[in-house]
Amino acid sequence: MKYFLISAVCILASWLLLNLVVMWQADKNFAYGKNLDGVAHYTDAYAYLTRAVESNPDEPTFRDELSYNQAVIASALIHTATASAQQLASQAIENSNKVVESSPNAMPFWKTRTKVFYQLATIDSKYYLEALAAIKKASELAPTDAKVSYNLAILYGRTGQIKNAIATLEETIKIKADYRDAYYALGLYYKEIDNIPMARATMEKILQKIGPDAETQKWLEENK
């Protein structure tokens, strides 16, 4: 009995040690992959992120990063390796689905999902609607996040909902009064609906509220 207990303890200890090694290696692979993604070395990052997910499939952060990596590579390959691109696109969507299903109220994952579908929209514009749905959910979870609000407006614009884009940008600049890109996008959308006076007034607010801006100044000179 004594030897049985000793053997059982040794087996358990070995199993725990092996799990610790596997988890450590998964964390290490994820860190490498995320850092490579951060410097746009997506192809190199893919192998590390895949190994991280394979080692620890229940960690949504790993799968979240992999989904974006796959979407970026898919969009880059679509004209040279269509079959591979489509396969990666499907995997990106599947991984993103698993992430938000496991963590439905984690706003960062919805932001990543938005980026995934925004990338895939370069393959098929229908994915803009999926990106819009994702950023809407992120906006619900973080209603005072100006960046999320701005991206929601841009995706309204991408899907032809210009009035919604304008209304959302008006709310965005209430959240962040010095948000230069939000003012600029709002000016462009006002021009798109042929409201030149409002477009100019909005662009002028960049110079008044934020300061000199060469791009804005050029736009104002060209749209008198």
Side-chain angles (χ1 to χ4, degrees), residues 34 37-38 40 60-61 64-65 67-69 71-72 75 92 96-97 99-122 125-223:
K34 186 173 178 61
D37 269 356
T61 303
D64 183 63
E65 186 70 26
S67 69
Y68 178 64
N69 173 277
V72 172
S75 65
S96 180
N97 287 345
V99 169
V100 296
E101 285 168 6
S102 68
S103 305
N105 294 316
M107 192 271 286
F109 294 152
W110 287 100
K111 290 173 71 174
T112 302
R113 185 174 175 84
T114 303
K115 294 195 298 180
V116 166
F117 282 109
Y118 197 87
Q119 282 290 333
L120 296 180
T122 64
S125 60
K126 71 181 182 183
Y127 290 121
Y128 280 128
L129 291 173
E130 295 288 351
L132 176 59
I135 200 65
K136 279 183 176 180
K137 178 63 176 180
S139 182
E140 290 172 8
L141 294 169
T144 60
D145 187 316
K147 182 66 173 177
V148 170
S149 182
Y150 171 78
N151 286 331
L152 173 59
I154 296 304
L155 280 162
Y156 273 134
R158 287 285 186 179
T159 54
Q161 302 177 62
I162 306 302
K163 289 184 178 180
N164 283 341
I166 289 172
T168 303
L169 286 169
E170 293 283 9
E171 290 301 313
T172 303
I173 58 179
K174 290 178 183 177
I175 297 170
K176 183 174 171 59
D178 61 347
Y179 201 156
R180 182 266 180 198
D181 289 348
Y183 282 108
Y184 195 86
L186 181 58
L188 295 181
Y189 283 133
Y190 272 127
K191 182 184 178 183
E192 195 165 331
I193 62 171
D194 295 322
N195 192 337
I196 302 302
M198 279 300 297
R200 284 187 58 82
T202 302
M203 291 296 190
E204 286 167 356
K205 286 180 182 178
I206 296 175
L207 305 180
Q208 296 165 1
K209 292 177 174 288
I210 302 168
D213 187 286
E215 186 178 20
T216 301
Q217 191 63 55
K218 181 181 177 183
W219 188 94
L220 287 166
E221 290 169 1
E222 293 174 350
N223 293 271

Steps toward side-chain contact (heavy atoms from CB on, under 4.5 Å) verdict (L155, T114): CA-CA 10 Å; L155 280 162; T114 303; 3.7 Å; yes
Under 3.5 Å donor-acceptor, R200 side chain and N223 backbone: yes
Closest heavy-atom pair and its distance - T122, S75: OG1-CB, 3.1 Å
Closest heavy-atom pair and its distance - A146, I175: CB-CG2, 3.9 Å
Partners passing ring pair (Phe, Tyr, Trp, His ring centres under 6.0 Å) against Y127 (at least two apart in sequence or in another chain): F117
Minimum heavy-atom distance between G157 and Y189, given as atom pair plus value: CA-OH, 3.4 Å
S96 side chain vs A92 backbone, donor-acceptor pair below 3.5 Å: no
Heavy-atom closest pair, residues S103 and W110: O-NE1, 4.4 Å
Side chain S149, main chain D145, donor-acceptor under 3.5 Å: no
Test item: L188 and Y184 side chains (from C-beta on) under 4.5 Å apart, heavy atoms: yes
Donor-acceptor pair, side chain of S139 and main chain of I135, under 3.5 angstrom: no
Verdict with supporting geometry, M203 and K191, side-chain contact (heavy atoms from CB on, under 4.5 Å): CA-CA 11 Å; M203 291 296 190; K191 182 184 178 183; over 6 Å; no
T202 vs I173 side-chain heavy atoms within contact, under 4.5 Å: no
Side chain Y179, main chain K174, donor-acceptor under 3.5 Å: no
Non-hydrogen atoms of A134 and R113 that approach each other most closely: CB-CG, 3.9 Å
Test: D178 and K176 ion pair at under 4.0 Å: yes
Heavy-atom closest contact (S67 atom, T112 atom, distance): OG-CG2, 4.1 Å
Salt bridge (charged side-chain N to carboxylate O under 4.0 Å, His left out) partners of K209, counting only residues at least two apart: none
N69 (side chain) donor-acceptor with E65 (main chain) under 3.5 angstrom: no
Pair I162-Y156, side-chain contact (heavy atoms from CB on, under 4.5 Å): steps then yes or no: CA-CA 6 Å; I162 306 302; Y156 273 134; over 6 Å; no
